[in-house]
Amino acid sequence: MIAAADFNITRVERSKLNEMTLENIPFGKYFTDHMLEVDFEDGEWKTVEIKPYQPLLLSPSLAALHYGQAIFEGIKAYKNQLGEAQIFRPFENFKRFNISAERMQMPQIPEEIFMEGMRLLVELDQNWIPQQEDHSLYIRPFMFSSDELIGVRPSDKYKFMIILSPTGPYYSAPMRIYVEEKYVRAVPGGVGYAKAAGNYGGAMFATAQAKKKGYDQVLWTDAYEHKYVQECGTMNVFFIIGDRAITPDIESGTILAGVTRDTTITLLREMGFKVEERPISIDDIVDAYNAGILYEVFGTGTAATISMIKELRYKDFVMNFDVDKWQTAPAIKKAMTDIKEGKVEDVHGWMTRVSS
Ligand code: COI
């Protein structure tokens with residue numbers, strides 16, 4: 001077990017924060033003063049270094065660049081009403097990270113490195129947590145294979161890192177979504193449930209095609225029939241139909257078990273919705289729309305939080321929504337934000353304090 005004493009901390013001499021503002025900051029473009037780096041070699045994790053944010057020196061034969069053993073997570077930190085830094089449900093991301101690692105034949109990361117390392121790093125850079133509406137400190141843990149060898153086999157060496165990015169909204173406006181029927185994101189037996197870097201690279205072509213048609217993102221459908229919906233862009237998706245909230249189930253292994261998805265399910269149930277996690281077909285969605293009972297469609301994700309969908313296009317059929325009249329998605333977003341910012345009691349125990 002790695003105790004706090006095994007973390008080696010080197011601080012910057014002068015914070016970059018002196019030269020910049022955290023107001024109206026875009027998603028993922030700026031990084032804080034420090035980063036965490038630890039190598040896996042000879043079957044064990046070495047000393048954890050927390051040090052000034054800096055470029056990596058990597059060999060062109062780095063295995064991850066060739067065969068894609070690379071996984072990541074997304075987590076957010078906020079300040080509560082007393083100005084104390086808190087992280088939203090980080091243990092869920094820690095568990096999912098190791099699920100991704102297993103699927104990609106990568107080593108498990110010990111809880112102490114992931115959780116205590118993240119805590120120490122966020123504590124060190126807590127002045128970087130923006131307090132403007134829809135802003136937060138985005139935490140990006142990631143791991144990649146670091147053998148310098150282009151033979152195809154699982155690497156012997158890996159690097160785990162955490163970087164921090166003060167960040168504004170991911171999607172700033174309600175979205176237009178294209179229901180994808182040609183390209184697929186995931187198949188049963190594949191890596192769809194893992195937060196593998198390649199899942200995101202593999203999605204870019206279809207997303208670019210949808211963008212050319214004027215859409216923001218695609219709604220992925222299943223690989224066999226293009227009938228059942230999966231994820232929406234980088235988000236899980238919810239449909240409010242009558243008094244029910246329906247979201248695709250995660251049983252087939254094609255969908256990422258989102259932490260914001262899980263949070264949304266809990267909050268919807270507390271608001272009185274019957275929540276169904278089950279396969280939902282695009283035909284069911286069209287039928288509900290035509291019957292006038294498809295009230296709201298929204299995506300959930302760490303980066304995106306809750307993103308309303310104002311248009312859904314399936315073949316030549318366009319479903320439009322008057323998002324200004326919606327009540328549920330805004331209520332879920334507010335309930336979640338109030339917990340994250342410490343405006344209401346954290347009855348679920350979702351917030352992890354950074355300093356004791
Ligand atoms: C997240 O929601 O944290 C994601 O990982 C989505 C994206 C920024 C890759």
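Everything numeric in this text was worked out from a predicted model, so none of it was measured. Basis for what follows: all heavy atoms, side chains included, without hydrogens, waters or symmetry-related copies.
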Looking only at heavy atoms, what is the nearest atom pair of [X] and [Y], with distance?
{"X": "Gly117", "Y": "Leu36", "result": "CA-CD1, 3.4 Å"}
{"X": "Ser355", "Y": "Gln126", "result": "OG-NE2, 3.8 Å"}
{"X": "Pro166", "Y": "Leu22", "result": "CB-CD2, 3.7 Å"}
{"X": "Gly74", "Y": "Tyr138", "result": "CA-OH, 3.2 Å"}
{"X": "Ala335", "Y": "Leu267", "result": "CB-CD1, 4.2 Å"}
{"X": "Gly342", "Y": "Gln81", "result": "O-CG, 3.5 Å"}

So does [X] have more than 12 non-hydrogen atoms from other groups sitting under 6.0 Å from [atom1]?
{"X": "Arg11", "atom1": "CZ", "answer": "no"}
{"X": "Glu345", "atom1": "CD", "answer": "no"}
{"X": "Glu133", "atom1": "CD", "answer": "no"}
{"X": "Asp316", "atom1": "CG", "answer": "no"}
{"X": "Tyr30", "atom1": "OH", "answer": "no"}
{"X": "Gln327", "atom1": "CD", "answer": "no"}
{"X": "Lys213", "atom1": "NZ", "answer": "yes"}
{"X": "Gln131", "atom1": "CD", "answer": "yes"}

Carboxylate-amine/guanidinium proximity below 4.0 Å for [X] and [Y]:
{"X": "Lys274", "Y": "Glu276", "answer": "no"}
{"X": "Lys159", "Y": "Asp39", "answer": "yes"}
{"X": "Arg119", "Y": "Glu123", "answer": "yes"}
{"X": "Asp262", "Y": "Arg89", "answer": "yes"}
{"X": "Asp42", "Y": "Lys157", "answer": "no"}
{"X": "Asp222", "Y": "Arg185", "answer": "no"}
{"X": "Glu231", "Y": "Arg261", "answer": "no"}
{"X": "Lys79", "Y": "Glu341", "answer": "no"}
{"X": "Lys195", "Y": "Glu73", "answer": "no"}

### Query
When clusters are formed from ILVMFWY side-chain contacts under 4.5 Å, directly or step by step, what else is grouped with Val347?
none

Could you tell me if the ring centre of [X] sits under 6.0 Å from that of [Y]?
{"X": "Tyr78", "Y": "Phe88", "answer": "no"}
{"X": "Phe97", "Y": "Phe72", "answer": "no"}
{"X": "Phe142", "Y": "Phe160", "answer": "no"}

Do the side chains of [X] and [Y] join up, straight or via other hydrophobic residues, at under 4.5 Å, putting them in one cluster?
{"X": "Ile163", "Y": "Tyr200", "answer": "yes"}
{"X": "Phe94", "Y": "Met351", "answer": "no"}
{"X": "Tyr314", "Y": "Phe239", "answer": "yes"}
{"X": "Tyr170", "Y": "Ile87", "answer": "no"}

Please round to the nearest 0.5 Å and tell me the distance separating atom [atom1] of [X] and atom [atom2] of [Y].
{"X": "Asp346", "Y": "Lys340", "atom1": "CG", "atom2": "NZ", "value": "12.0 Å"}
{"X": "Tyr183", "Y": "Met204", "atom1": "OH", "atom2": "CE", "value": "16.0 Å"}
{"X": "Met118", "Y": "Leu164", "atom1": "CE", "atom2": "CG", "value": "9.5 Å"}

### Residues which pass side-chain contact (heavy atoms from CB on, under 4.5 Å) with Leu57, listed by chain and number, not counting sequence neighbours
none

State, with a plain yes or no, whether a side-chain heavy atom of [X] is found less than 4.5 Å away from one of [Y].
{"X": "Ser155", "Y": "Met106", "value": "no"}
{"X": "Pro141", "Y": "Ile75", "value": "yes"}
{"X": "Ile162", "Y": "Met35", "value": "no"}
{"X": "Val344", "Y": "Ile339", "value": "yes"}
{"X": "Phe298", "Y": "Val237", "value": "no"}
{"X": "Val152", "Y": "Tyr67", "value": "yes"}
{"X": "Ile50", "Y": "Glu37", "value": "no"}
{"X": "Val229", "Y": "Ser281", "value": "no"}

### Query
With sequence neighbours excluded, what pairs up with Asn236 under the side-chain hydrogen bond (donor to acceptor under 3.5 Å, both in side chains) test?
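Counting only residues at least two positions away or on another chain, Asn236 forms no side-chain hydrogen bond (donor to acceptor under 3.5 Å, both in side chains).
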
## Note on the structure
Residues passing the side-chain hydrogen bond (donor to acceptor under 3.5 Å, both in side chains) test with Asn24, sequence neighbours excluded, are Gln132

What I want to check is whether the side chains of [X] and [Y] have a donor and an acceptor closer together than 3.5 Å.
{"X": "Asp33", "Y": "Ser15", "result": "yes"}
{"X": "Glu277", "Y": "Thr247", "result": "no"}
{"X": "His348", "Y": "Glu270", "result": "yes"}
{"X": "Tyr53", "Y": "Lys16", "result": "no"}

Could you tabulate the donor-acceptor pairs under 3.5 Å formed by side-chain atoms of residues 248-259, not counting sequence neighbours?
residue : atom : partner : partner atom : Å
Asp249  : OD2  : Glu251  : N            : 3.1
Ser252  : OG   : Thr254  : N            : 3.4
Ser252  : OG   : Thr254  : OG1          : 2.7

### Task
Report the C-alpha distance between Glu148 and Ser61 in whole Å, list the side-chain angles of each, state the deciding distance to 0.1 Å, and finish with yes or no for side-chain hydrogen bond (donor to acceptor under 3.5 Å, both in side chains).
CA-CA 5 Å; Glu148 295 172 8; Ser61 61; 5.0 Å; no

### Query
Can you list the steps and then say if Tyr178 with Gln209 is a side-chain hydrogen bond (donor to acceptor under 3.5 Å, both in side chains)?
CA-CA 10 Å; Tyr178 183 83; Gln209 301 295 308; over 6 Å; no

### Task
Please name all residues satisfying ring pair (Phe, Tyr, Trp, His ring centres under 6.0 Å) with Tyr289, sequence neighbours left out, ordered by chain then number.
Phe317, Phe321

### Query
Going through the checks in order, is the ring-ring contact (aromatic ring centres under 6.0 Å, His included) test met by Phe144 and Tyr158?
CA-CA 6 Å; Phe144 57 90; Tyr158 295 85; 9.0 Å; no

### Task
Kindly indicate, with the supporting measurements, whether the criterion salt bridge (Lys or Arg N to Asp or Glu O under 4.0 Å) is fulfilled by Arg313 and Glu311.
CA-CA 7 Å; Arg313 176 176 172 166; Glu311 182 184 324; over 6 Å; no

### Message
Applying salt bridge (Lys or Arg N to Asp or Glu O under 4.0 Å) to Lys333 and Asp134, what does each step give before you reach the verdict?
### Response
CA-CA 10 Å; Lys333 185 169 180 189; Asp134 278 336; 3.2 Å; yes

